[in-house]
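Beneath this line is the structure, given in C-alpha cells, with notes to follow.
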Number of protein chains: 2
Amino acid sequence: MIKPRSRRGGGRPTIADVARKAGVGAITVSRALREPERVSEDLRRQIQVAVDELGYVPDPNARALASARADVFGVLVPSLTNNVFAEVVRGIYDSLSDGPFRVQLGNTHYSGLEEERLLQVFGPQRPAALIVAGINQTPTARKLLETAGCPVVQVMETGPDPVDMLVGFSHLDGGRTATEHLIEAGYRRIGFIGARMDPRSQRRLAGYRAAMEAAGLFDARLVTTTPVPSSVTLGRELFRDALAKAPTLDGVFCNNDDIALGVLFECHRAAIAVPRTIGIVGFNDLDMMQSAFPSITSIRTYRYEIGRRSVAMALAAIAGKRPEQRVVDLGFELIRRESTAR
Amino acid sequence: MIKPRSRRGGGRPTIADVARKAGVGAITVSRALREPERVSEDLRRQIQVAVDELGYVPDPNARALASARADVFGVLVPSLTNNVFAEVVRGIYDSLSDGPFRVQLGNTHYSGLEEERLLQVFGPQRPAALIVAGINQTPTARKLLETAGCPVVQVMETGPDPVDMLVGFSHLDGGRTATEHLIEAGYRRIGFIGARMDPRSQRRLAGYRAAMEAAGLFDARLVTTTPVPSSVTLGRELFRDALAKAPTLDGVFCNNDDIALGVLFECHRAAIAVPRTIGIVGFNDLDMMQSAFPSITSIRTYRYEIGRRSVAMALAAIAGKRPEQRVVDLGFELIRRESTAR
DNA sequence: TTGTACGCGTTATCAA
DNA sequence: TTGATAACGCGTACAA
C-alpha cells in the first residue's frame, strides 16, 4: 500500500483542491485570485465559494518559485531604533499593509559592507522592489541595486544620480537654513555639534559651513563632532567640549534633536540662559522639541511621508507606470521656537 | 527549435549546475551546504570550489517549497516607532544577522485583530519561529499560535500560561516598585499618568494601585489616563489635567519616560519645583532620563536583552533542545535620581 | 475565457 | 556516504 500525497504539507488545501471542488482547472483558480477581471463572473463566484469553504491560502513560496518573483519589498535602513528611520519604516509598512506585499527589513548598522551583504541576501529572493536609505552606496552595492531587476528607491536624501528613483530632501540646505536662522537671530559664535557623522550629518555640516563662511563667521574651533552614536547624554558631553574649545560660543546648530535636547539640559544644569546666552537649533523636529522648556527651534522633516512616497513610486513602477518624476524632493521646514527667540 | 531552460531566472546557476561541475548528484550538493558533516571531506571540497566558481546561491523560495519550512522568524510588535519595541526588534535582528534566518516583521498597531490578520499572513510562509509581543492575544490569535507548528516566544511580559515560551518582566511589579519608591520618598498625593493604556500599561496601573492601597493612599482622582498614543506633548497635557483634578498632587508615576519628560517640562514652565513640590518617576529608563535636569527616576527594563533572549530560546527549540525554563523573567531595576530625591 | 503540459530549484524518500 | 526519483504548489506558454 502506498499513501499518495501525504508526505508533508500538513494537509493544507492546495490550488488543485480548490479547482476540483469548483469544477474548474487549477490555472483558472490561480487567475481568479490574481487577475479576477480575466475570469468570468460565474466561475469567479464558484471559485470564491470553494476557497472559503476549504480555507485555501496560496503558498507564497510556491508562488515565488513559479513566477520567479516574490511579493516582497526589501528595505534597508542604517538603524532600527533611530526614530528618523523608524518613521520611514512605519510609513512603508502602513502603505503596504493592505496589499499582497510583505516587507523584508534589513539593518545595515550604518555600514556599507553590511549593506552589500544584505543586498546579496535579498537578491536571491527576487524582491518586487528595493528601498534603501541614502545615496552613498559602495560601488558593489550600487551595482547590486542596478542589476536587481526591480524598481529601486533611495530615500532620505536628494542627489543628482539616482540608481532608479529617489525621494528625500537636501540635508545641505537644511543645515544651511538652520545656521542662517541663527545668524539672522543675531548669534555670531555659532557652533556645530554632531554625532555619528554619517553622510547625511556630513552634508548638514557642509550646509552649516557654507552659511558661516558666507557670513564671514566660520571658525574651525566652533565645530565639534564624533563618530559615536547620537544620544541626549552625548549631546551634553559634546556641548561641554564645545564650550571648552570656544568659551565665547553663543549658539549651536545640532546635528539632530537628541543632541539639541542634551545641550538644553546642560544649559539648565550650568545655568546658561536659553535663548539669551545660547541659541539652540535641532534637526528633524521630533515631538518633544515643541514641548521642551524653552521649546526648541528645529528643522522639520517628513520621514513618514518619505516612507509612503517611496512605496507609491515603487508600486507605480511595478504596475508599469514609471512616475514622471524619478526624483522627489519633499523639502523641510524651519520651525522657529523659543530657543532662538532673543 | 526549442530552447530548453531559458525561460526565466536570468541564468542564475542552480544546484544542478553545481552538481554537474563538481561531478556529483544534486542532492549531495544540497547536503554539503546544509549538513557538511554528512558529506565526505573530498566531495565537500570539490563542491565548495564549484559553488565559488559559479557564484551559486541557493534559492530560498525553492528551498522553502521543497522543505515546507522557510528560514524566517515572524515577529509581531504593536509599534515600530515606540523605542521600547524598536529595542526588542533590534535585539532580534542582531541575534539573527549571522545565521541563515531572515526576519519577517509585522506591525499590529496595538490591535488584536491586526495581530490575527498578520498571523494568518505569516502562517502560509511556514516560519521557523514566531515572536510576538505581549500575552493578551485574542482567542483566535492564540489558536493560530498554538497550531503554528513552530516555536513561539511571547515577549515583554511574564505570565502564568505561555503559548510556548515567554521572556519578559512583571509590569505590575514594576508599577508597584515605582510607586512604593515615591511613597518611601515621602510623597503622599501620588498620581498615575498614563497614555495608550495597552495591557502592559494597565498592569503598571494595577501595580500603582496596589501600592497606593497598601499605604492607604489610593484616590481615584489621582489617576489620569487616555487611550491616545503616548508622547512628550501629551505628557504635558495630561499633567495639567491631573493637577486640575487633584491640585494637591505632590508626585506622579508616569506610564513611560515620554510622559515623564512632558511632566518635567510642564513643571519647568509652570515653575513647579522638582523634586521639592512634585516627584516624578518614569518607566523604561531611556537614555534621556539620566541627562534630564533634574535627572528623572525611572524603572530600567531590558528590552534589547529580551529580544536577544527570545531568539536564543527559539533557536534552542528549533535545534530540538527545549530550554529547561520556558518562562524567563529578566526583571527590572529602579534607578533613583534627582526627580525623587527630596 | 479556459485548459493542458510542463517547469521553477530544491529537498524527502528510499535504495544502493 | 551517495544518488535516482518523485514530489513541493504554483505560474507560464501555448493551444483551444
Side-chain angles (χ1 to χ4, degrees), chain A residues 2-20 22-47 51 54 56-71 100 123-126 128, chain B residues 1-20 22-47 51 54-71 100 123-126 128:
Chain A
I2 299 168
K3 287 187 295 180
R5 69 159 47 228
S6 74
R7 206 170 62 186
R8 44 202 174 187
R12 283 206 0 240
T14 73
I15 203 169
D17 298 326
V18 177
R20 208 171 308 126
V24 301
I27 186 60
T28 306
V29 176
S30 177
R31 284 206 194 91
L33 263 28
R34 290 175 302 128
E35 327 170 83
E37 69 280 3
R38 297 179 46 118
V39 172
S40 70
E41 185 80 25
D42 283 3
L43 288 189
R44 213 188 311 167
R45 253 199 305 273
Q46 292 177 44
I47 289 169
V51 165
L54 260 32
Y56 168 72
V57 182
D59 181 329
N61 298 121
R63 178 173 274 184
L65 180 59
S67 66
R69 170 99 20 261
D71 286 349
Q125 256 183 101
R126 310 199 158 271
Chain B
M1 289 297 265
I2 299 169
K3 286 187 296 178
R5 68 159 47 229
S6 75
R7 206 169 62 187
R8 48 201 171 188
R12 281 206 1 240
T14 73
I15 203 169
D17 298 326
V18 176
R20 207 171 310 125
V24 302
I27 187 63
T28 305
V29 176
S30 177
R31 283 205 196 92
L33 263 29
R34 289 174 302 130
E35 326 170 83
E37 70 280 3
R38 295 178 47 117
V39 174
S40 70
E41 185 79 24
D42 283 3
L43 289 189
R44 214 188 308 167
R45 252 200 304 275
Q46 292 177 43
I47 289 170
V51 164
L54 261 32
Y56 167 73
V57 182
D59 181 328
N61 298 121
R63 179 172 274 184
L65 178 60
S67 67
R69 168 109 8 266
D71 287 348
Q125 257 183 97
R126 310 197 158 275

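A note on names: the letters A, B, ... follow the listed sequences, proteins ahead of strands, and every chain is numbered from 1.
- Relative to the side chain of A/Ile15, the nucleotides D/dG9, C/dT10, D/dC10 differ in distance, and D/dC10 lies closest.
- Annotation for B/Pro124 and A/Pro58: closest pair CB-O, 3.9 Å, computed over non-hydrogen atoms.
- The nearest whole Å value for the distance from the CZ atom in B/Arg12 to the C1' atom in C/dC8 is 12 Å.
- What separates CG of A/Asp59 from C1' of C/dT10 is a distance of 13 Å, to the nearest Å.
- In this structure, B/Leu65 atom CG and D/dG11 atom P are separated by 11 Å, rounded to whole Å.
- To the nearest 0.5 Å, atoms CG (A/Leu54) and CD1 (A/Ile15) are separated by 12.0 Å.
- Closest contact between the side chain of A/Ser67 and the listed nucleotides D/dT12, D/dC10, C/dG9 involves D/dT12.
- Contacts between residues 24-35 of chain A and DNA chain C, defined by a heavy-atom separation under 4.0 Å, are made by A/Val24, A/Gly25, A/Ile27, A/Thr28, A/Arg31.
- Within the structure, the side chain to side chain donor-acceptor pair (under 3.5 Å) test picks out no pair touching residues 54-64 of chain B (sequence neighbours left out).
- For B/Arg63, a side-chain nitrogen or oxygen approaches OP1 or OP2 of C/dT11 to under 4.0 Å.
- For B/Thr14 and C/dC8, the shortest distance from a side-chain N or O to OP1 or OP2 is not below 4.0 Å.
- In this structure, A/Arg126 atom CZ and C/dG9 atom C1' are separated by 11 Å, rounded to whole Å.
- In this entry the distance linking CZ of B/Arg44 with P of D/dT2 reads 9 Å, nearest Å.
- Note: CZ (A/Arg20) to C1' (C/dT2) measures 18 Å, nearest angstrom.
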Would you be so kind as to tabulate the donor-acceptor pairs closer than 3.5 Å made by side chains of residues 23-35 of chain B, with sequence neighbours excluded?
from: B/Ser30; atom 1: OG; to: B/Arg34; atom 2: NE; distance (Å): 3.2
from: B/Ser30; atom 1: OG; to: B/Arg34; atom 2: NH2; distance (Å): 2.9
from: B/Arg34; atom 1: NE; to: B/Ser30; atom 2: O; distance (Å): 3.3

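- Partners of A/Gln125 under the side-chain hydrogen bond (donor to acceptor under 3.5 Å, both in side chains) rule, at least two apart in sequence or in another chain, are B/Arg102.
- In this structure A/Glu41 satisfies the salt bridge (charged side-chain N to carboxylate O under 4.0 Å, His left out) test together with A/Arg44, A/Arg45, sequence neighbours excluded.
- D/dG11 atom P lies 12 Å from atom CG of A/Asn61, rounded to whole Å.
- Of all the heavy atoms in B/Arg126 and B/Arg69, the pair that sits closest is O-NH1, 3.1 Å.
- Taking every side-chain heavy atom of A/Ala66 into account, D/dC10 is the closest of D/dT2, D/dC10, C/dT11.
- Atom CD in A/Gln125 sits about 14 Å away from atom P in C/dT10, given to the nearest Å.
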